[in-house]
Amino acid sequence: MRYYIICFNLLIISFTGCLHKNGDKQSAVNKQYEKSYKIASEEFSDTMINHFPQIIGDTFHVSLNLPKFEKKRNRYGFTVLFKTSAQKVENLSESLEKEYIEVGFYEKNSLIINHKNEIKSVTKKDSLLPLPNIPKIFESNNQKMYFSDLEMNKYKFFIINSAQGNFLGKDYLTDGKGLPEEWKNGYSKGIAINEKDNELIYWLEIW
């Protein structure tokens with residue numbers, strides 16, 4: 001199982017550690033996560049990451065791509081994936097379903113950032129829903145996490161907020177390659193839920 005490794009990725013620098021099962025595991029994991037959150041909070045505004053949890057499960061994967069470390073990257077953002085209890089997943093799913101629209105990763109109006117998309121069938125440009133390219137995010141670092149198409153179909157995506165435009169400053173704008181002109185730059189934040197495996201993904205994606 002990929003969840004026995006706690007991984008933290010900062011741009012092209014990867015830190016990997018392993019915690020043995022003991023009474024201090026939960027505390028140690030959350031301390032690691034707190035460090036990741038603190039780094040993200042120094043770079044991204046509170047409105048961008050205020051949906052992230054304060055406490056997570058007993059294992060997690062984090063990907064951080066920060067503008068100040070390298071300009072003109074394909075993407076920037078903060079993504080955390082972790083397992084938790086079935087009850088917490090169920091409660092969160094019910095809460096999100098009441099407030100936000102559920103989006104499937106492979107729906108025709110899903111706009112996967114930094115991935116070639118077939119958008120010719122979408123009649124309204126403003127109906128495109130930007131989602132993070134989860135498989136690419138976790139495959140592109142040293143965590144060796146590979147998602148199959150079937151695994152992505154397990155997730156329900158809820159976009160908490162998204163908008164078109166420049167949210168990075170001109171020095172950090174991405175080229176928006178492969179994206180429609182109106183979504184060449186922008187941001188998306190939200191939560192993905194895998195009820196079958198009790199997994200949660202929190203994301204902030206800026207490009």
All heavy atoms of Glu102 vs all of Glu107, minimum pair found to be O-OE2, 4.4 Å

Would you indicate whether the side-chain heavy atoms of Leu111 and Pro180 approach each other to under 4.5 Å? yes

Take Phe158 and Ser95 through the test side chain to side chain contact (heavy atoms under 4.5 Å, CB included) and record every step on the way to the result. CA-CA 11 Å; Phe158 296 92; Ser95 174; over 6 Å; no

Here the gap from Leu173 atom CG to Leu168 atom CG, rounded to the nearest 0.5 Å, amounts to 6.5 Å

Which atoms form the tightest heavy-atom contact between Ser110 and Val103, and what is the distance? OG-CG1, 3.3 Å

Restricting to non-hydrogen atoms, name the atom on Asn109 and the atom on Ser127 that form the minimum distance, rounded to 0.1 Å. ND2-O, 3.4 Å

Ile101 and Ile160: same hydrophobic cluster, using ILVMFWY side-chain contacts below 4.5 Å? no

Any heavy-atom pair between the side chains of Leu64 and Tyr37 that's under 4.5 Å? no

So, Glu34 versus Asn30: side-chain donor-acceptor pair below 3.5 Å or not? no

Would you say that Phe82 contacts Val29 through its side chain, given a criterion of any heavy-atom pair below 4.5 Å between the two side chains? no

Considering all heavy atoms of both residues, which atom of Asn185 and which atom of Thr174 are nearest to each other, and what is their separation? ND2-O, 3.2 Å

Salt bridge (charged side-chain N to carboxylate O under 4.0 Å, His left out) partners of Glu181, counting only residues at least two apart: none

To the closest 0.5 Å, what do you measure between OH (Tyr172) and CD1 (Ile206)? 12.5 Å

Does a side-chain heavy-atom distance below 4.5 Å link Tyr187 with Asn161? yes

Side-chain heavy atoms of Glu97 within contact of Lys156, under 4.5 Å: yes

NE2 (His61) and CD1 (Ile201) are apart, to the nearest 0.5 Å, by 10.5 Å

Stepwise, does the side chain to side chain contact (heavy atoms under 4.5 Å, CB included) test hold for Tyr76 with Glu43? CA-CA 10 Å; Tyr76 304 100; Glu43 188 70 14; over 6 Å; no

Apply side chain to side chain contact (heavy atoms under 4.5 Å, CB included) to Phe105 and Asn133, showing your working. CA-CA 9 Å; Phe105 196 75; Asn133 193 350; 4.3 Å; yes

Does the side chain of Thr79 reach to within under 4.5 Å of the side chain of Ile134, using non-hydrogen atoms? yes

Quick check for you: to the nearest 0.5 Å, what is the distance between Thr84 atom OG1 and Asp197 atom CG? 13.0 Å

Do Ile159 and Ser188 have side chains that approach each other closer than 4.5 Å (heavy atoms only, starting at C-beta)? yes

Between the main-chain N or O of Lys38 and the side-chain N or O of Ser41, is there a donor-acceptor pair closer than 3.5 Å? yes

Looking only at the aromatic ring of each residue, does the gap between the centers of Phe52 and Phe78 stay below 6.0 angstrom? yes

Does a side-chain heavy-atom distance below 4.5 Å link Asn50 with Lys189? yes

Shortest non-hydrogen contact between Pro130 and Leu128, atoms and distance: CD-O, 3.6 Å

Taken to the nearest 0.5 Å, the spacing of Asn65 CG from Ile137 CD1 works out to 8.0 Å

List the atom of Trp203, the atom of Ala192, and the distance in Å for their closest heavy-atom pair. CZ3-N, 3.8 Å

Roughly how far, to the nearest 0.5 Å, is CD1 of Ile55 from NZ of Lys88? 7.0 Å

Please check: side-chain N/O of Tyr106 versus main-chain N/O of Met152, any donor-acceptor pairing under 3.5 Å? no

Test Ile112 against Lys136 for side chain to side chain contact (heavy atoms under 4.5 Å, CB included), laying out the working first. CA-CA 10 Å; Ile112 311 304; Lys136 188 67 175 178; over 6 Å; no

